[in-house]
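Presented below is the structure to which this report refers.
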Amino acid sequence: MIDQAYYCGLVDKLREKRDLSDEELRDVLLCEDGEFAAYLQTAAREVRELHYGKEVYLRGLIEFTNYCRNNCFYCGIRNGNPNVERYRLSEEQILSCCDQGYDLGFRTFVLQGGEDPYFTDEIMVSLIRKIKENHPDCALTLSIGEREKESYRKMFEAGADRYLLRHETADKAHYEMLHPKALSFEHRMQCLHDLHDIGYQVGCGMMVGSPMQTTEHLLKDLRFLQDFKPEMVGIGPFIPHHDTKFKDEPAGTVEMTIRLLSIIRLLLPEVLLPATTALGTIDPMGREKGILAGANVVMPNLSPTDVRGKYLLYDNKICTGDEAAECIRCMTARVEKVGYKVVKSRGDHVRFTSEQTCK
Ligand code: SAH
């Protein structure tokens with residue numbers, strides 16, 4: 001028997017925005033009691049509904065290049081994997097994905113890719129301008145890895161609104177176990193701070209159950225999120241990819257991922273929190289469970305069907321064969337089935353909903 005009063009008290013404390021000690025936060029992370037898990041999720045749902053009601057925001061994900069100069073040990077499209085058929089979409093293809101997405105009701109596009117040197121600042125700026133010219137009522141999110149502050153600034157000035165760069169882990173030693181020497185924890189953190197300074201809505205996040213991850217690492221991740229106060233947090237389970245050195249490592253679990261979604265919702269009540277594709281990959285109901293745990297964003301794939309099977313960060317990725325229209329239909333039905341509603345809106349963070357973002 002667990003001490004219900006103690007554990008539920010911790011959730012109440014989180015909901016009331018009172019800080020927990022490390023000891024208490026560790027207890028919230030690790031308590032295996034089913035009733036406690038349900039209590040935590042209910043609290044997270046209440047907080048999300050207070051700020052965002054039943055609305056779920058859509059982001060159209062365009063995976064526009066799988067070329068990458070990096071070699072992150074966990075990632076299927078790392079540079080050192082010779083078995084990837086590389087592709088990059090042309091400007092015309094990207095613009096046409098956006099047009100198609102717009103007609104389907106998307107008001108945010110996410111350009112995600114490997115760190116592909118082909119996409120210089122000049123090329124990115126021209127692309128961003130065109131997307132924003134064609135769709136001035138849409139938000140544009142970039143997720144193209146580490147760049148210099150000047151580069152981030154140019155892309156922001158061209159019209160990009162948001163930037164996703166997961167911190168991956170807030171522990172330097174753990175970061176070094178997941179990445180080659182060419183990538184540094186300090187530079188990743190620097191990038192995140194630069195992005196915030198410039199004025200982007202910034203997203204960070206970590207994989208859940210990544211190799212060698214401990215509860216202490218997760219605790220550090222949560223402390224980092226509390227301190228950095230990102231507008232968005234992307235978390236999903238680690239899933240092994242067969243062409244990486246982590247191929248035999250176990251995947252992260254649905255239970256821990258949704259537990260973290262709920263805790264993050266309580267720590268950052270207004271955060272934009274996606275129920276990710278990786279969560280849908282390890283459990284057919286993963287994204288629904290994510291929404292019921294406090295997530296308020298879903299990111300259906302808008303990439304052309306013929307390249308989807310080539311953007312494989314991990315094994316068994318879902319939705320690699322579907323058309324965009326089918327993805328949005330399926331996602332809308334899934335969201336409605338659990339009592340929420342997909343909306344046609346930019347879905348900005350509440351701190352960014354004024355004229356500020358009307359560029
Ligand atoms: N190049 C960009 C986009 C990376 S892909 C960048 O570096 O930001 C987006 C995210 O996918 C990564 O940040 C990582 O957290 C996640 N990812 C990569 N490999 C994964 C794997 N094997 N399992 C689960 N998530 C993975």
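This one's a predicted model, so the numbers in the text were calculated from it and none came from an experiment. Indexing begins at 1, ligand by ligand and atom by atom, following the structure's order. Position 1 is the first residue of the sequence, and the numbers go up from there.
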message: Among G113, C75, G145, which one puts a heavy atom closest to atom 1 (N) of ligand 1?
response: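 Shortest heavy-atom distance from atom 1 (N) of ligand 1: G113.
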- request: Out of M207, H241, E63, indicate the one that has the non-hydrogen atom closest to atom 26 (C) of ligand 1.
  value: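 Closest candidate by heavy-atom distance is M207.
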Distance from [atom] to nearest protein heavy atom, with residue and atom:
atom                    : result
atom 11 (O) of ligand 1 : L313 CD1, 3.5 Å
atom 19 (N) of ligand 1 : Y74 CD1, 3.3 Å
atom 21 (C) of ligand 1 : I239 O, 3.5 Å
atom 13 (O) of ligand 1 : E168 OE2, 2.6 Å

Would you kindly specify which portion of [X] sits under 4.0 Å from ligand 1, judged on non-hydrogen atoms: side chain, backbone, both or neither?
X    : result
Q112 : side chain
R166 : side chain
P237 : backbone

field: Mutual orientation of the aromatic rings belonging to Y102 and H135 [parallel < 30°, tilted 30-60°, perpendicular > 60°]
entry: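 Geometry flag for H135 against Y102: parallel rings.
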field: K172 charged N/C atom sitting above F185 aromatic ring, 6.0 Å / 45°
entry: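 Pair K172/F185 does not count as cation-pi.
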Protein non-hydrogen atom found under 4.0 Å from atom 4 (C) of ligand 1: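 There is no protein heavy atom less than 4.0 Å from atom 4 (C) of ligand 1.
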query: Just checking, is any N or O donor in the side chain of Y57 or E55 under 3.5 Å from an acceptor N or O on the other one?
result: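 Side-chain D/A pair, Y57 to E55: present.
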query: Going by distance alone, is a donor N or O of one side chain under 3.5 Å from an acceptor N or O of the other, for R107 and S345?
result: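 There is no such pair (donor and acceptor under 3.5 Å, judged by atom type) between the side chains of R107 and S345.
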Atom indices of ligand 1, in the order listed, that fall short of 4.0 Å to a heavy atom of L165: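 The atoms of ligand 1 under 4.0 Å from a heavy atom of L165 are 8 (O).
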query: Is the centre of the F238 ring less than 6.0 Å from the centre of the Y314 ring?
result: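 So the answer is no for these two rings.
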- prompt: Any Lys/Arg nitrogen of E146 or R188 sitting under 4.0 Å from an Asp/Glu carboxylate oxygen of the other?
  reply: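 Salt bridge flag = yes for R188 with E146.
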message: Looking at E150 and R153, is there a salt bridge between them, counting it only when a charged N and a carboxylate O are closer than 4.0 Å?
response: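 Salt bridge flag = yes for E150 with R153.
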